[in-house]
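One structure is given below, encoded as structure tokens.
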Number of protein chains: 2
Amino acid sequence: MADINVLTLSSRPLESGSATAEHGQAQGPAFDLIELLFFAYRDFIGDADEVLARLDFGRAHHRVLHFVNRHPGIRVADLLDVLKITKQSLGRVLRELVDNGYVVQRAGPADRRQRLLFATQKGEALALELALLQTRRFARALHECGGEAREAARKFLAAMIEPSARADVEALIARADREAKNRPR
Amino acid sequence: MADINVLTLSSRPLESGSATAEHGQAQGPAFDLIELLFFAYRDFIGDADEVLARLDFGRAHHRVLHFVNRHPGIRVADLLDVLKITKQSLGRVLRELVDNGYVVQRAGPADRRQRLLFATQKGEALALELALLQTRRFARALHECGGEAREAARKFLAAMIEPSARADVEALIARADREAKNRPR
DNA sequence: CGTTTATGTCAGCCATATTGACATATTCTG
DNA sequence: CAGAATATGTCAATATGGCTGACATAAACG
């Protein structure tokens, strides 16, 4: 945090002399990328918002349902850890998902204090519908970019994640994929 | 403890074979990309959050300050249009920015009903500090990806934007860049 | 002149998050 | 086994940042 001021005070972006050559923005703020990510994420989220609104659900419900569906049997504590919210915040949202039959809770087989979370068929269907909407947006975008775009996008997005958290996120994704693969349907 | 410590750092097992050849995952949801974007955006936003929290500002203040700084003299109505919020929502946030000396309002020279918005030097400094934090994240990520990554990322992010809105966003960015270039400092 | 426009403001509501305190099972441990 | 620790739930109060609706004011426009 100490070096923030150094950068702030020293680098005057985009001097009028058009000194920014070639690929530009070597030192100035990447306003274009910042704004593109802002708008891209808004529209990415917007896909799901429309469907959710019809069910009187919000983004909070989406996040919970998504991770419960991706990690069947996830413990409440782990879900809180992934979402980085408090149990009080999770409370209402989870109750509504349970009350409306999208999620069920079952006591842990070994540790009966645990309330393991599972998406019901209904919950699974909704999670899939939402994921497919967003997948379609990715597919369209990547198709426009062509070729190696998928792997490039994957790498880029992973690189944007805080380095200290990246391994955990990658592991989380890998584990969910692996478990899904081994889950008989 | 809530460990998500599954230590496999292996990248996603791509289905081998030619069924999902071209762009992979032709039919299934792209859970990996969805989650990577979720976590990437969270960390991207988190950079600014820390600074803002110290000033008792939130993301709403950031968004307003960002666009005011990028478009000096922007009208309230246009700001509402960019942010897609109501004037009532803008109200409190804008007042706090003005009260704390980050933004000033001036009557339009031609139409005195307008209250054109400008970032003060203080506001400009904060906007730049925040933008540079986020720029550093982009720079690190793009450096990791190497080569043509910046243009690829730009293209990808633009492609993720709702097609009907994309031209407007691109024009917005282009205009801000053009005006910044012609603005003498 | 009257209407429209640009903006502001008051009041109330909703969703989602927070902290803190406390309750209830259940498991673990000395 | 008793007591500590753990997993979860819940009540209450508060903050933030959205929303709608109604109304106010000043300036521009026709």
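Letters A, B, ... are given to chains in the order of the sequence lines, protein chains preceding strands, and every chain is numbered from 1. Worth knowing before you read on, the calculation uses all heavy atoms, side chains too, and leaves out hydrogens, waters and symmetry mates.
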Below 4.0 Å: OP1/OP2 of [N] and any side-chain N or O of [X]:
X	N	answer
B:S89	D:dG17	no
A:R75	D:dA7	yes
B:R92	D:dG17	yes

For this session: For the side chain of B:H61, starting at C-beta, report the closest nucleotide among D:dG17, D:dT10, C:dT7.
Result: D:dG17

Exercise. Among the nucleotides D:dC19, C:dG8, C:dT18, which one has an atom lying closest to any side-chain atom of B:V76?
Worked result: C:dG8

Atom [atom1] of [X] and atom [atom2] of [N]: how far apart are they, to the nearest Å?
X	N	atom1	atom2	result
B:R59	C:dT18	CZ	C1'	14 Å
B:D49	C:dT18	CG	C1'	14 Å
B:I45	C:dA17	CD1	P	15 Å
A:L52	C:dT16	CG	C1'	14 Å
A:E96	C:dA15	CD	C1'	10 Å
B:I85	C:dG8	CD1	P	12 Å
B:H62	D:dT16	NE2	P	18 Å
B:L90	D:dC19	CG	P	10 Å

Exercise. Taking all non-hydrogen atoms of both residues, which atom of A:T120 and which atom of A:G101 are closest, and how far apart?
Worked result: OG1-O, 2.7 Å

Distances under 3.5 Å between protein N/O atoms and the N/O atoms of nucleotides 26-30 of chain D, please, pair by pair.
unit_1 : atom_1 : unit_2 : atom_2 : d
D:dA27 : OP1    : B:R112 : NH2    : 3.4
D:dA28 : OP1    : B:A110 : O      : 3.4
D:dA28 : OP1    : B:R112 : N      : 3.1

Exercise. Should we count CD of A:E148 as having more than 12 external heavy atoms under 6.0 Å?
Worked result: no

Contact class for [X] vs. all strands (heavy atom < 4.0 Å): base, sugar-phosphate, or nothing?
X	value
B:G91	nothing
A:Q105	sugar-phosphate
A:R63	sugar-phosphate

Exercise. Any cation-pi pair here, B:R137 with B:F44, using under 6.0 Å and within 45°?
Worked result: no

Problem set entry | Lys/Arg-Asp/Glu bridge criterion (N-O < 4.0 Å) met for B:R70, B:E124 | no

Exercise. Is the closest basic N to carboxylate O distance between A:E151 and A:K155 below 4.0 Å?
Worked result: no

Exercise. Are side-chain heavy atoms of B:R140 and A:P163 found at a separation under 4.5 Å?
Worked result: yes

Exercise. Pick from B:R54, B:R59, B:R42: which one makes a salt bridge (Lys or Arg N to Asp or Glu O under 4.0 Å) with B:D49?
Worked result: B:R59

For this session: Measure from the ring center of B:H66 to the ring center of A:F38 and say whether it is less than 6.0 Å.
Result: no

Exercise. Donor-acceptor pair under 3.5 Å: do we get one between B:Q88's side chain and the base of D:dG17?
Worked result: no

Exercise. If you pin A:F57 and A:K87 to their nearest nucleotides in DNA chain C, which one's is more 5'?
Worked result: A:F57

